[in-house]
Amino acid sequence: MNWVLAHFAAVTITFFALAAVAVILQQRRTPQSTAAWLLFIILLPYVATPLFLALGFRKRGKRFTPIRFGQASTLAPETPATGIESIFAHHGIPAASKGNQLELLTSGAQAHNALSSLCRSAEHSLDVLFYLIADDPVGRGFLHELTERARAGVRVRVIMDRLANLKPPRAALGALRDAGGRVVYFSPLLQRPDSGHLNLRNHRKMVIADSTAVFAGGMNIGHEYMGPFPDPTRWSDLAYLLTGPATASFNDVFRSDWTTAKGGDDLTTTPVPPAPSLAAGSARVQLVPSGPDTAGDPLHDALVSAIHRAKQRVWIVTPYFLPTDALNTALMIAAKRGVDLRIMLPEKSNQPLADFARGAYLREMQNSGCRILFYQPGMIHAKAGLIDGFAYVGSANFDIRSMLLNFESALFIHDDATLTALAGWYQDRAKDCVVGVPPAGPLRRMSQGIFRLGAPVL
């Protein structure tokens, strides 16, 4: 009897291992990710196969239905300012729109005060999505403001990523729920192991007030990111305030995430208030979501295309630099073509393993002619880029996880005024950077090369 059970177990694990291999070979992955999974399954099939079922899927069509954009997606796009807009159109993403008001928020105090004012101004609804709401005075204070608005009759809905919030501000969340607010966790840890959901985190950040005004960018809610007063120890980061026609896409993204997080069906039953009369702005912008709920990888592919097309500059700022092979190649070729290529990142981030693994990439970049700028005052958490005549600001790091796995969003900017402001911010931060990757010995280079193999999970 024992040999029958053993035989049945061997056949079963072989079947699932072969099925996993078939899926791996059909998915779009980096070569190192594909090789790592295949080797893992061959050497330890009993461990690797169930782990792949839990972590290995990139796209889950049945679990994450595509974002359904509203009327804006049916409008004919304007003449593309850059080639990337045709890529976004191919993926069904609404075209860039004019007439938006956009304010860059370049400090934690400015962002905190702007977010507080936005929440207090809400009369009908507050839709909140963050990767992290910290259990500290800033996080609890933010939830207290949401609670006060809920008590005033404002519909408050909050989505938080479960993995990032293992220790949430429970008392403050409880008070919000008692006041009528709704709180749901995205991608809960307790779920079917074959859902392919555990490794796909929601890294987006946004607050939508009355469906017409948006706070978004790269900041989470916590002392490291923002606070009511300036703090020299706070991370350098970017956020923005937006009003205008482009806010419709934010509502569409939040609606999709709320439904995925099993928030209920109140999305269609709650009336949306009419848009207030706002003075038209000059910003031309486009929200680009990416992740398991988008067809393909629009953000990644657009950046690859834009970097290959770049003629003047490619300025990137990111806390972690672990690019895909396609992005890595595009950057090196651009530098060799004479494009002004700069990569700004913290000298030491909050992720030591990612810092170690980036070394091999950065030396390649520098050898190709790229300027590597290490930010000295502390952690820089901003995620942005300027490529010739457009820019982007958002939640996506310049790494494999953000580009190919996580739920992310980026605002693409095409107007000269905002481009000038963002370029000025970049140049101001560059004054606090040292340029150049320090030399490394053979042992360090070999170790960093090994760590580079693990870049897809860092």
Side-chain angles (χ1 to χ4, degrees), residues 102-121 126 128-148 158 160-161 164-173 176 203-207 209 214-242 316-321 344-352 354-355 373-384 393-397 411 421-434:
L102 178 63
E103 178 186 0
L104 292 177
L105 306 172
T106 59
S107 74
Q110 184 188 18
H112 179 275
N113 296 332
L115 179 57
S116 295
S117 296
L118 180 68
C119 292
R120 290 194 296 269
S121 72
L126 280 168
V128 177
L129 167 60
F130 280 103
Y131 178 67
L132 169 66
I133 299 179
D135 186 12
D136 65 13
V138 173
R140 293 189 292 270
F142 173 68
L143 292 173
H144 176 73
E145 287 190 347
L146 296 182
T147 302
E148 291 300 306
V158 178
M160 304 163 61
D161 185 85
N165 293 275
L166 294 178
K167 295 182 179 180
R170 300 184 189 280
L173 288 170
L176 175 57
H203 199 239
R204 294 166 179 158
K205 294 100 174 166
M206 65 180 72
V207 177
V214 172
F215 171 97
M219 296 184 188
N220 292 300
I221 304 296
H223 175 264
E224 293 92 343
Y225 309 94
M226 61 176 67
F229 306 106
D231 185 339
T233 66
R234 184 171 291 129
W235 296 356
S236 179
D237 213 331
L238 278 172
Y240 57 85
L241 282 176
L242 176 72
I316 303 294
V317 57
T318 178
Y320 321 111
F321 184 75
M344 184 187 299
L345 61 167
E347 185 172 48
K348 183 180 294 186
S349 80
N350 63 325
Q351 299 290 341
D355 288 353
L373 292 79
F374 288 110
Y375 186 70
Q376 297 296 292
M379 175 67 175
I380 189 164
H381 191 254
K383 308 100 164 30
V393 178
S395 67
N397 301 311
L411 188 73
L422 186 58
W425 175 89
Y426 194 101
Q427 291 169 323
D428 285 343
R429 296 306 180 278
K431 297 174 183 177
D432 294 321
C433 294
V434 296

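We're numbering straight along the sequence, starting at 1.
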> Taking only residues two or more places apart in sequence, or in another chain, which ones meet E148 in a salt bridge (Lys or Arg N to Asp or Glu O under 4.0 Å)?
Replying inline: R151
> Which value, rounded to the nearest 0.5 Å, describes the distance between N220 atom CG and D237 atom CG?
Replying inline: 8.0 Å
> Sequence neighbours excluded, which residues qualify as side-chain contact (heavy atoms from CB on, under 4.5 Å) partners of A216?
Replying inline: M206, V214, Y240, F250
> Taking all non-hydrogen atoms of both residues, which atom of A209 and which atom of L118 are closest, and how far apart?
Replying inline: CB-CD1, 3.6 Å
>> Within this structure, what is the SG-CZ distance for the pair C433 and F374, rounded to the nearest 0.5 Å?
In response: 9.5 Å
>> According to side-chain hydrogen bond (donor to acceptor under 3.5 Å, both in side chains), who are the partners of R234, at least two apart in sequence or on a separate chain?
In response: none
>> Could you work out, with salt bridge (Lys or Arg N to Asp or Glu O under 4.0 Å) as the rule, every residue matching E145, not counting sequence neighbours?
In response: R120
>> Testing the basics here: between V158 and L146, what is the closest heavy-atom pair and its distance to 0.1 Å?
In response: CG2-CD1, 3.9 Å
> So among L176, L143, I221, which one has a side chain to side chain contact (heavy atoms under 4.5 Å, CB included) with P169?
Replying inline: L143
>> Which residues pass the salt bridge (Lys or Arg N to Asp or Glu O under 4.0 Å) test with K431, not counting sequence neighbours?
In response: D428
>> Just verifying a value: how many Å separate K383 NZ and M219 CE, rounded to the nearest 0.5 Å?
In response: 10.5 Å
> Rounded to the nearest 0.5 Å, what separation is found between the CG atom of N397 and the CD atom of Q351?
Replying inline: 9.5 Å
> Considering all heavy atoms of both residues, which atom of P319 and which atom of A382 are nearest to each other, and what is their separation?
Replying inline: CD-O, 3.4 Å
> Taking only residues two or more places apart in sequence, or in another chain, which ones meet A114 in a side-chain contact (heavy atoms from CB on, under 4.5 Å)?
Replying inline: L105, L241
>> Under the rule for salt bridge (Lys or Arg N to Asp or Glu O under 4.0 Å), what residues qualify as partners of D161, not counting sequence neighbours?
In response: R201
>> Just to verify, what does S236 make a side-chain hydrogen bond (donor to acceptor under 3.5 Å, both in side chains) with, not counting sequence neighbours?
In response: R429
> Can you name the closest pair of heavy atoms from W425 and I380 and give their distance?
Replying inline: CH2-CD1, 4.2 Å
>> Going by the rule side-chain hydrogen bond (donor to acceptor under 3.5 Å, both in side chains), which residues pair with E347 if we only count those two or more places apart in sequence or in a different chain?
In response: Q376
> CG/L411 to CG/L238 distance, rounded to the nearest 0.5 angstrom?
Replying inline: 12.0 Å
> What's the spacing between T147 OG1 and R140 CZ if we round to 0.5 Å?
Replying inline: 13.0 Å
> H203: what forms a ring pair (Phe, Tyr, Trp, His ring centres under 6.0 Å) with it, not counting sequence neighbours?
Replying inline: Y131
> Under the side-chain hydrogen bond (donor to acceptor under 3.5 Å, both in side chains) test, which residues partner D432, sequence neighbours left out?
Replying inline: none
> Do T233 and H223 have side chains that get closer than 4.5 Å, going by heavy atoms?
Replying inline: yes
> Which word best sums up how the rings of Y225 and H381 line up, parallel for under 30°, tilted for 30 to 60°, or perpendicular for over 60°?
Replying inline: perpendicular
> Under the side-chain contact (heavy atoms from CB on, under 4.5 Å) test, which residues partner N350, sequence neighbours left out?
Replying inline: W235, Y320, M379
